[in-house]
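Every value quoted in this text rests on a predicted model; they were computed, and no experiment measured them. Each chain gets a letter, A, B and so on, in the order its sequence line appears, and its residues count up from 1. Below, all heavy atoms of this structure are taken into account, side chains as well, without hydrogens, waters or symmetry copies.
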Amino acid sequence: MPFGNTHNNFKLNYKVEEEYPDLSKHNNHMAKVLTKELYGKLRDKQTPNGFTLDDVIQTGVDNPGHPFIMTVGCVAGDEESYEVFKDLLDPIISDRHNGYKATDKHKTDLNFENLKGGDDLDPAYVLSSRVRTGRSIKGFTLPPHSSRGERRGIEKLSVEALTSLDGEFKGKYYPLKSMTDAEQEQLINDHFLFDKPVSPLLTCAGMARDWPDGRGIWHNDSKTFLVWVNEEDHLRVISMQQGGNMREVFRRFCVGLQKIEEIFKKHNHGFMWNEHLGYILTCPSNLGTGLRGGVHVKLPKLSTHPKFDEILTRLRLQKRGTGGVDTASVGGVFDISNADRLGSSEVAQVQLVVDGVKLMVEMEKKLEKGEAIDSMIPAQK
Amino acid sequence: MANSFTRIMSGRNTAVILASIGAGTLASGYVLSDNTAAVAAAERTRLYPPSADFPDLRKHNNCMAAALTPTIYGRLRDKTTPNNWTLDQCIQTGVDNPGHPFIKTVGMVAGDEESYEVFAELFDPVIKDRHNGYDPRTMKHPTDLDASKITSGMFDERYVLSTRVRTGRSIRGLSLPPACSRSERREVERVVVTALAGLKGDLSGRYYSLGEMSDREQKLLIDEHFLFDKPVSPLLTAAGMARDWPDARGIWHNNEKNFLIWINEEDHTRIISMEKGGNMKRVFERFCRGLKQVEHLIQERGWEFMWNERLGYILTCPSNLGTGLRAGVHIRLPILSRDPRFKKILDNLRLQKRGTGGVDTAATGDTVDISNLDRLGKSEVELVQLVTDGVNYLIECEKRLERGQDIKIPSPISPFRK
């Protein structure tokens with residue numbers, strides 16, 4: 001039986017107020033939405049795979065959050081979680097994704113030819129380009145809930161699909177548990193290797209169980225297309241390269257994804273997707289496209305300009321340090337990526353990155369010449 | 001499950017729970033989820049037989065990994081305790097923590113009292129492995145909390161800096177820390193804190209809830225070495241013991257600060273009697289007296305401790321079964337601790353050394369923490385006497401070495417009474 005609070009029915013013998021978590025010191029989306037009444041309404045429910053309300057919220061109960069950073073505070077254990085617990089998840093999704101309504105439809109567009117430009121970002125400033133997303137495989141529960149048998153099943157299916165790719169996508173799979181020291185060293189140097197999660201946001205959700213069983217990394221021979229298996233999602237798919245040719249990165253991303261999806265569909269295990277929430281992933285923050293497209297870009301002058309954060313907000317972009325989420329920038333180099341995931345398509349989100357970064361590089365050049373950039377500051381997109 | 005609740009209900013004046021939940025709500029919720037869940041569960045068993053889920057333990061070094069075979073797993077995987085706790089949940093910590101080549105951890109925990117019974121096929125060999133061959137199927141564990149039996153229980157305070165005895169107790173009818181829901185954990189807190197409020201004289205004291213502690217109180221408790229923190233050890237976090245922290249966790253201590261109880265850390269309760277100096281007899285006497293009074297106070301309200309004659313006191317980790325007792329001292333043995341025979345002497349005396357920060361710490365300076373190795377198969381009195389005799393022997397050795405005299409390695413003590 002998959003992991004989780006299998007003894008949920010036993011807890012129903014206690015009153016709601018006895019079981020309701022103390023969220024008085026919490027600052028995450030779940031804590032904002034989950035009232036005692038809502039808890040009472042949902043606590044006797046479970047998905048067909050036995051995932052319960054307490055399973056959904058445990059990570060948010062255990063991680064009160066930060067006064068300044070708003071985490072989501074809940075996860076899905078399977079596709080059905082988003083349905084069975086919609087009374088909790090819909091308001092959270094709305095809060096997190098700019099007021100997205102329960103009746104809204106999400107557009108999926110993985111046709112790279114719809115992207116305008118993107119091949120001419122100045123490599124003197126744009127050091128590297130990357131697009132990532134996640135995919136979940138229908139018929140399996142998600143990482144917080146999956147049993148060892150399921151995780152291995154996901155791995156087996158993924159490896160079969162990936163190793164059948166050819167041409168620019170020909171590559172190799174490296175299972176975490178049988179990697180040699182030399183392979184491990186190489187993957188770390190390539191910045192490909194992912195490690196056992198240490199973030200309590202993930203460990204409290206049960207995603208690190210049985211590590212490293214069923215986990216691994218696949219990449220193509222040219223090291224420009226990479227897939228993580230069974231980390232925070234079933235699959236994390238990454239296309240990347242040095243320099244500023246985001247168009248090429250996005251092309252490879254779309255083509256690779258579509259090839260992989262075809263193979264999974266043949267095995268009757270397509271990707272989890274629906275027209276309301278787009279691609280279904282473990283964390284509600286990654287619904288929709290699950291896409292983070294971004295660049296490492298040198299903006300030493302612009303980043304210290306008083307309007308930098310405002311510019312980013314208007315461009316619908318987000319900054320991170322070059323180590324990824326929760327890191328600081330080094331040497332004026334920032335990771336700039338799209339802020340949105342749900343409610344706009346993949347093409348639209350990458351377009352925002354391409355256009356926004358192009359504009360910011362222009363601004364940086366202006367600032368280098370000692371000129372003002374006030375007239376260039378865009379309207380809210 | 002029904003039986004344990006009937007027992008609780010009949011003995012207790014109903015301040016809380018059960019009655020106010022409409023039976024209809026409970027039943028319909030149960031049926032609705034039960035049906036679809038049951039169908040999915042059956043399908044899952046067909047798709048994923050136990051062999052698909054058997055953990056990869058080839059790189060593991062813990063008692064669970066040594067005992068768990070595919071056959072045992074196959075027989076136990078689909079069983080549940082009356083509270084619906086499963087084998088996978090018992091062993092998760094051992095799967096997630098392969099262990100260390102030199103240190104063999106236990107690698108599994110109980111979620112409730114019944115775990116030890118339902119999953120006996122795995123727990124029994126693990127208990128045997130950890131407790132020197134103790135066989136729960138054929139042997140009985142003796143309980144003896146009569147402190148008056150201790151002899152020579154006053155140590156030379158030029159060597160012994162402090163003395164301490166600890167154990168754990170679980171409240172029967174409530175799930176253990178890996179499994180408990182928030183309401184059960186809060187119930188444990190209520191039951192124990194209510195009982196402790198009834199302690200009088202030198203045992204009277206007060207409770208500090210972890211979540212509501214002021215900064216000043218927290219600082220004081222840290223300075224006194226009383227405060228326990230959210231577990232960071234992956235052995236504990238992988239077993240789910242840190243969930244909902246710090247909800248329903250707290251510390252109680254008496255006004256004299258020599259009797260202390262931790263609530264809802266790794267066990268329902270951890271009871272500690274301690275003081276500076278070397279009066280083991282007094283420390284143990286207070287320990288036994290306090291324990292007996294707490295037990296009496298919870299019994300007045302219809303509760304009792306988890307205990308049976310095969311396994312003694314039932315605690316979360318199998319390593320703490322039996323007495324759950326660790327009696328020890330912080331002792332300065334500058335010469336003896338550097339003597340190559342020190343380890344063998346300790347082994348034969350069935351003692352263990354730890355650093356002065358507790359388990360998994362190193363010794364600072366010449367001071368070491370010396371305590372009993374064993375927990376199960378000997379009574380509390382026997383173990384405390386063993387520590388008393390052992391520590392006196394170590395002091396004797398240190399004194400002899402000071403005088404330039406030779407020391408002898410004592411003959412090994414048997415782990416069980418004959």
Salt-bridge contact B:Glu187-B:Arg190 (side-chain N to carboxylate O under 4.0 Å): yes
Salt bridge present between A:Arg43 and A:Asp54 (N-O < 4.0 angstrom): no
Contact origin within A:Ile57 toward chain B - heavy atom pairs under 4.5 Å: side chain
Residue, of A:Asp62, A:Val84, A:Thr203, A:Val61, that accumulates the most heavy atom pairs under 4.5 Å with chain B: A:Asp62
Contact winner vs chain A - B:Ala52, B:Ser183, B:Pro55, heavy-atom pairs under 4.5 Å: B:Ser183
Region of B:Asp247 in contact with chain A, defined by heavy-atom distances below 4.5 Å: side chain
Heavy-atom contact with chain B under 4.5 Å, split by part of A:Asp213: side chain
Part of B:Leu57 within contact of chain A (heavy atom distance under 4.5 Å): neither
A:Thr71-A:Asn28 side chain donor-acceptor pair, cut-off 3.5 Å: no
Lys/Arg N to Asp/Glu carboxylate O, A:Glu79 vs A:Lys138, below 4.0 Å: yes
Salt-bridge criterion met for B:Asp244 and B:Arg182 (N-O under 4.0 Å): yes
Heavy-atom proximity to chain B below 4.5 Å, by part of A:Lys177: both
